[in-house]
Q: 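Right, I'll just put the structure down here and ask away after.
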Number of protein chains: 2
Amino acid sequence: MSAPALTKNQALVFDVLEKADGPLSAYTILDKLRDHGFRAPLQVYRALEKLLEYGVVHRLESINSFVACAHPGENCHSHGIVAFAICESCGQVMEFHDHEVDHRLMDWTKSKKFKAEKTTIEIRGLCEACAA
Amino acid sequence: MSAPALTKNQALVFDVLEKADGPLSAYTILDKLRDHGFRAPLQVYRALEKLLEYGVVHRLESINSFVACAHPGENCHSHGIVAFAICESCGQVMEFHDHEVDHRLMDWTKSKKFKAEKTTIEIRGLCEACAA
DNA sequence: ATCGCACACGTTATAGCATAACGCAATTGA
DNA sequence: TCAATTGCGTTATGCTATAACGTGTGCGAT
């Protein structure tokens, strides 16, 4: 599931996300791309759908926003579960992975015979700078 | 932060959630309470806000829904991080806690001096019955 | 070649989720 | 009694996401 060449719209959306210094909502992305001909939400959502599939963009469920993967070039899907720490003050997002956490969650799902498809881990709070 | 006596609206909303066999959206709750005089979303959201605060209801971020806490009577806030496994087929939700996971996440936040306020862990997939 | 298929795209409309802002009533405590 | 707090009801609005339709393009199979 490596990323094929991006289409024009996908590239535009990805570019906006990569240049942003924090997560963006679909509608914020739309606004930033109006000059490039974007007019409707679906143009953004369709691009995001693919970018998520390719693993180059993550969706932050708890804030309905999207962020470029912190591992440019790599396929993030291979890192196990992705976790995020989201600062409620400055909006900065830190992405990390913890195999022990993955392990524990996998143990649980195995014990319950639950077939995990997608796991969300999001920590909301204040980053070091904002907590001061 | 134990739960004080619930107001009428809070009790109605909580009752609907407890009797449901899965998570409900705010608007679904609203529909179920129209016979009891509910007419606007805010009546539901305001009740939910308090119920979340009291720890007797959880919000499932990844599906914009709400579910009664699986530990009736207890204060769920004292169990550490709450995790959920959500079946995408039948909608059933399993709530669980894993102190080792909590520990690992706390270690990470400590190391980054990130002040965690609220942590979301949601596993989406298929439950044993539906995966068959 | 041309047919059929898959896929990206554009547009309009609509569905679904959540909160702002106003005002009223009841409670409580100084 | 007065002020502060809390819950409540209503209207309006904003934000998030998808349905349904049609167009165009590339590409492999016949």
Q: Starting at the 5' end of DNA chain D, which residue's closest nucleotide do you reach first, B:Gln10 or B:Asn64?
A: B:Gln10

Q: Just to confirm, is there a sub-4.0 Å distance from OP1 or OP2 of D:dG9 to any side-chain nitrogen or oxygen of B:Gln43?
A: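 It does, given that an N or O in the side chain of B:Gln43 lies less than 4.0 Å from OP1 or OP2 of D:dG9.
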
Q: Under the salt bridge (charged side-chain N to carboxylate O under 4.0 Å, His left out) rule, what pairs show up with a residue in residues 81-93 of chain A, not counting sequence neighbours?
A: A:Glu88-A:Arg124

Q: Got a sec, which pairs hit salt bridge (charged side-chain N to carboxylate O under 4.0 Å, His left out) with one end in residues 97-107 of chain B, sequence neighbours left out?
A: A:Asp98-B:Arg104, A:Arg104-B:Asp98

Q: Are any of B:Thr7's side-chain N or O atoms less than 4.0 Å away from OP1 or OP2 of D:dC8?
A: yes

Q: Just the rounded figure in Å: distance from C1' of D:dA17 to CG of A:Leu52.
A: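 Distance check: A:Leu52 CG to D:dA17 C1' gives 13 Å.
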
Q: What integer distance in Å separates B:Leu51:CG from D:dG7:C1'?
A: 13 Å

Q: Pairs of donor and acceptor atoms involving the side chains of residues 125-132 of chain A, under 3.5 Å and at least two apart or interchain, shall be tabulated with distances.
A:
none

Q: Quick one: is B:Lys8 getting a side-chain N or O under 4.0 Å of the D:dC8 phosphate, OP1 or OP2?
A: no

Q: Do A:Thr120 and B:Ile121 touch side chain to side chain, with heavy atoms closer than 4.5 Å?
A: no

Q: Measure the distance from CD on B:Glu53 to C1' on D:dT6 and round it to the nearest whole Å.
A: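 Atom CD in B:Glu53 sits about 12 Å away from atom C1' in D:dT6.
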
Q: Could you work out, with side chain to side chain donor-acceptor pair (under 3.5 Å) as the rule, every residue matching B:Gln43, not counting sequence neighbours?
A: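 Testing B:Gln43 for side chain to side chain donor-acceptor pair (under 3.5 Å), a comparison that skips the adjacent residues, returns none.
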
Q: Taking atom types as modelled and ignoring hydrogens, do the side chains of B:Ser62 and B:Glu122 form a donor-acceptor contact shorter than 3.5 angstrom?
A: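 Side chains of B:Ser62 and B:Glu122: pair found under 3.5 Å.
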
Q: Who passes side chain to side chain donor-acceptor pair (under 3.5 Å) against A:Ser89, sequence neighbours left out?
A: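 For A:Ser89 there are no side chain to side chain donor-acceptor pair (under 3.5 Å) partners, ignoring immediate neighbours.
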
Q: Using a 4.0 Å heavy-atom cut-off, write out nucleotides 18-26 of chain D from 5' to 3' as B (base contacted by protein), S (sugar-phosphate only) or - (no contact).
A: BBB------

Q: Using atom CG of A:Leu24 as one end and atom P of D:dT16 as the other, report the distance to the nearest whole Å.
A: 11 Å

Q: Quick one: how far along DNA chain C does chain A reach, first to last nucleotide 5' to 3', anything under 4.0 Å to a heavy atom?
A: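 Nucleotide range with atoms under 4.0 Å of chain A: C:dA8 to C:dT12.
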
Q: Output every pair passing salt bridge (charged side-chain N to carboxylate O under 4.0 Å, His left out) with a member in residues 34-45 of chain A, not counting sequence neighbours, ordered by first then second residue.
A: A:Asp31-A:Arg34

Q: Nearest whole angstrom, please: distance from the C1' of D:dA17 to the CD1 of A:Ile29.
A: 13 Å

Q: Checking A:Lys115 now: which residues fulfil side chain to side chain donor-acceptor pair (under 3.5 Å) with it, not counting sequence neighbours?
A: A:Glu117

